[in-house]
Asks: 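Got a structure for you, questions after.
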There are 2 protein chains.
Amino acid sequence: MDGGNSGEAFKRVSGPWSGRESGQVAASVLEASEETMAMRVVGALRDDIVTMVLKPGDVISESDIAGRYGVSRQPVREAFIRLAQQGLLLIRPKRATVVKKISPEGVRQSRFIRESIEVEIIRRVAAHPGPDAASVLKELIAEQETASAAEDSRRFHTLDELFHRTLARLAGVEYAWQLIDDHKMQLDRVRYLTLGVSSSQVAIGEHKIIAAAVAAGDVAGAEAAMRAHLARAELLLSQTIADFPDYFE
Amino acid sequence: MDGGNSGEAFKRVSGPWSGRESGQVAASVLEASEETMAMRVVGALRDDIVTMVLKPGDVISESDIAGRYGVSRQPVREAFIRLAQQGLLLIRPKRATVVKKISPEGVRQSRFIRESIEVEIIRRVAAHPGPDAASVLKELIAEQETASAAEDSRRFHTLDELFHRTLARLAGVEYAWQLIDDHKMQLDRVRYLTLGVSSSQVAIGEHKIIAAAVAAGDVAGAEAAMRAHLARAELLLSQTIADFPDYFE
DNA sequence: TCCTCCAATCTTGTATGGTAGATGCATGCG
DNA sequence: CGCATGCATCTACCATACAAGATTGGAGGA
């Protein structure tokens, strides 16, 4: 292996790898999207990990990735460090680097964090809904119904994320939402495994209940609806563990 | 500059730098505490930043730090990347690296995250207090009173952190507490600036109220007490901004 | 005096070679 | 046949050299 690598452009990754087109998930925390090679490697690897092109347990190496991407080991190494801090890779010094298996306990705790924050967000929004809060949420739900009817689960996922992000913005804590993005990636990996089975109709109904409670200024009702909405993911987790036992530790 | 570096031991940092003794803050997210050079540099730099030995706005460079620590640029560079991801450094490509100034908005959002999670924690603990919850909390408060009487603000800070961490453990989400440790560093920098003026007696009183509500199983009361306890930091922030305007952006 | 331009000199980014540690397999011994 | 030992080969870690963008200062002209 590892024959004839240098000189190839970065695009070479499109070979045996990723099949993503262009504008997928909302640009993550990265400010200047593609400044350095290292950043591009980070983005490409993260997408490949979240979309399960690189599967939990896969062993990778600096030389390996560097060869595939046509760059030296240095930027790859820096990318590994970033991804390891985000919990997607596990670097075992002098040994190997592996795509981290999904920790059920970690997912549970990430969900706890998300639920804590989202409940607090929905409280604030319901207590002090802005003038356009109701209309904005209503419009988002309409788009989700369109995506659901077209069975575009990819777009539905994006819109679902946008729904929750919008709530954060309405609460005036959009920046806080970005801060928890890293932890949310653990949940995203699980979610990707359940893309097909996700019952989008149920989710849309729950979104409607939440939006209605917000519009009515019903703090307790909004909180309860949000908790119910988030709790549904708990069932998906245990089912997913049963379906893909090798991906969990 | 940059003359005669190699061969020096790592301890050389003790020269013009850090004056920390030994067992200060509870070992952060790092698993194997001191495996590689890069990790040691990370730890040393982080402590220096949180304790304001390196002040917000200070310009540092890879060569500079590498010279001080007697290592090459490579491990320092990796340390920079880690610290930049934790929001303590700002790497401006091809330009310079500076100790990030404290963002008041960022602090506010970090506090929002912390309050959201701590409120959820205190709810769970108050709703289902373990058999030894009351006694553990009571003992911690007693230690805090000792530290306060001795005017050992350092130790008081450590105990205060332990109090909140213990609550997380009692709620069964200690791992989640570690996950938010990174964001909490922003708050720690502000807190360090207010070490002298911190009214420990007030904090102890609030801790007592929280512990009492937990012991009584009073969920609403515990939540209210926790919110009040955390809200007090809001006043400190604006006062700190006025006292150290150069440290904020 | 003020503005423009250029070059010395910073900075971080990238490439590459060498090193120490860990793993796995083959070999040799009991 | 089972087990210990040593070597080939892998890995990430670290050091060094080079490259390219950005800043700063001064020289030169209007």
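Here is how names work: the chains are called A, B, and so on, in the same order as the sequence lines, proteins then strands, and each is numbered from 1.
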Asks: Whole angstroms only, please: what is the CE-C1' distance between B/M39 and D/dC14?
Replies: 14 Å
Asks: List in chain and number order the residues that pass ring-ring contact (aromatic ring centres under 6.0 Å, His included) with B/F248, two or more places apart in sequence or in another chain; answer none if no residue qualifies.
Replies: none
Asks: Between C/dG13 atom P and A/R40 atom CZ, what is the distance in whole Å?
Replies: 14 Å
Asks: Any Lys/Arg nitrogen of A/R77 or B/E78 sitting under 4.0 Å from an Asp/Glu carboxylate oxygen of the other?
Replies: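 Looking at B/E78 together with A/R77, the answer is yes, because their closest N to O distance falls below 4.0 Å.
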Asks: To the nearest Å, give me how far apart CD1 (B/I91) and C1' (D/dA22) are.
Replies: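 Rounded to the whole Å, the gap is 16 Å.
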Asks: Using the C1' atoms of five pairs at each end, what's the angle between the two axes of the helix from C/dT1-D/dA30 to C/dG30-D/dC1, to 10 degrees?
Replies: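 Answer for the end axes of this duplex: 10°.
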Asks: Send over the distance from A/Q74 CD to C/dT12 P, rounded to a whole Å.
Replies: 14 Å
Asks: Could you note down all residue pairs passing side chain to side chain donor-acceptor pair (under 3.5 Å) where residues 93-103 of chain A supplies at least one of them, sequence neighbours left out?
Replies: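 Residue pairs passing side chain to side chain donor-acceptor pair (under 3.5 Å), neighbours aside: A/S103-A/E249.
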Asks: Expressed as a whole number of angstroms, how long is the span from B/E78:CD to D/dC13:C1'?
Replies: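 Atom CD in B/E78 sits about 8 Å away from atom C1' in D/dC13.
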Asks: Which residues pass the salt bridge (Lys or Arg N to Asp or Glu O under 4.0 Å) test with B/E120, sequence neighbours left out?
Replies: A/R227
Asks: Measure from the side-chain heavy atoms of B/S61 and tell me the nearest of D/dC14, D/dC13, C/dT12.
Replies: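 Output: C/dT12.
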Asks: Using a cut-off of strictly less than 4.0 Å, decide whether A/T97 has a side-chain nitrogen or oxygen near OP1 or OP2 of D/dA12.
Replies: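 So the side chain of A/T97 is within the cut-off, an N or O lying under 4.0 Å from OP1 or OP2 of D/dA12.
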Asks: Output yes when B/R191 and B/D160 qualify as a salt bridge under the 4.0 Å nitrogen-oxygen rule, no when they do not.
Replies: yes
Asks: Which residue lies toward the 5' end of DNA chain C, A/R73 or B/A96, if each is placed at its nearest nucleotide?
Replies: B/A96
Asks: Starting at OH of B/Y69 and ending at C1' of D/dA15, how long is that distance when rounded to a whole Å?
Replies: 19 Å
Asks: Of all the choices, C/dA15, C/dT12, D/dC14, which nucleotide is nearest to the side chain of B/E62 once you look at every atom?
Replies: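 Output: C/dT12.
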Asks: List the residues meeting side-chain contact (heavy atoms from CB on, under 4.5 Å) with B/Q186, not counting sequence neighbours, and say none if there are none.
Replies: B/L88, B/S110, B/R189
Asks: My understanding is that only residues two or more places apart in sequence, or in another chain, count here; which of them pass ring-ring contact (aromatic ring centres under 6.0 Å, His included) with A/F163?
Replies: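 Listed in chain order: A/H207.
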Asks: When the distance from CD of B/E35 to C1' of D/dA12 is rounded to whole Å, what number comes out?
Replies: 12 Å
Asks: B/Y247: what forms a ring-ring contact (aromatic ring centres under 6.0 Å, His included) with it, not counting sequence neighbours?
Replies: B/F244
Asks: Looking at residues at least two apart in the chain, or sitting in another chain, which of them share a salt bridge (Lys or Arg N to Asp or Glu O under 4.0 Å) with B/R92?
Replies: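 B/R92 satisfies salt bridge (Lys or Arg N to Asp or Glu O under 4.0 Å) with no other residue.
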Asks: A/R92 has an atom CZ; how far is it from atom C1' of C/dA20, in whole Å?
Replies: 18 Å
Asks: Please list each protein N or O that sits under 3.5 Å from an N or O in nucleotides 21-23 of chain C, with the distance.
Replies:
none

